[in-house]
Amino acid sequence: MDKYRCQICGYIYDPEVGDSSSGVPAGTKFEDLPDDWKCPICGADKDQFEKE
């Protein structure tokens, strides 16, 4: 699964890890994140991420 990097703060969303702070379980693809999901570090919108 592809990882995605926040262009604002550099946070890496790794689908194998998920985002426990937002209740996103491990194994969740970036494309399957809710549209209102935000970067857990800086709060950037999903459209501020780019594929690694």
Side-chain angles (χ1 to χ4, degrees):
M1 285 190 267
D2 295 320
K3 296 179 183 178
Y4 286 77
R5 182 176 56 84
C6 177
Q7 297 178 59
I8 307 298
C9 72
Y11 168 80
I12 303 289
Y13 176 76
D14 183 347
E16 292 184 14
V17 175
D19 175 16
S20 60
S21 66
S22 298
V24 176
T28 303
K29 294 179 183 178
F30 186 80
E31 300 81 21
D32 295 336
L33 290 171
D35 289 337
D36 62 351
W37 180 83
K38 305 239 186 257
C39 175
I41 304 300
C42 72
D45 290 331
K46 195 174 162 183
D47 64 359
Q48 294 297 312
F49 281 72
E50 64 184 6
K51 190 174 177 179
E52 280 275 283

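- When the shell of 6.0 Å around CG of D32 is examined, it contains more than 12 heavy atoms from other residues, nucleotides or ligands.
- For the atom pair I8 CD1 and I41 CD1, the distance stands at 13.5 Å (nearest 0.5 Å).
- At least one donor-acceptor pair under 3.5 Å links the side chain of D14 to the backbone N or O of E16.
- Screening F49, W37, F30 for a ring pair (Phe, Tyr, Trp, His ring centres under 6.0 Å) with Y4, the sole residue that qualifies is F30.
- Here the SG-NZ distance, from C39 to K46, works out to 13.5 Å after rounding to the nearest 0.5 Å.
- E52 and Y13 share no side-chain donor-acceptor pair at under 3.5 Å.
- Using modelled atom types, no side-chain atom of K51 and backbone atom of D2 make a donor-acceptor pair closer than 3.5 Å.
- Using a 4.5 Å heavy-atom threshold, the side chains of C42 and Y11 count as separate.
- Smallest separation of non-hydrogen atoms from K29 and P15: CA-CB, 4.2 Å.
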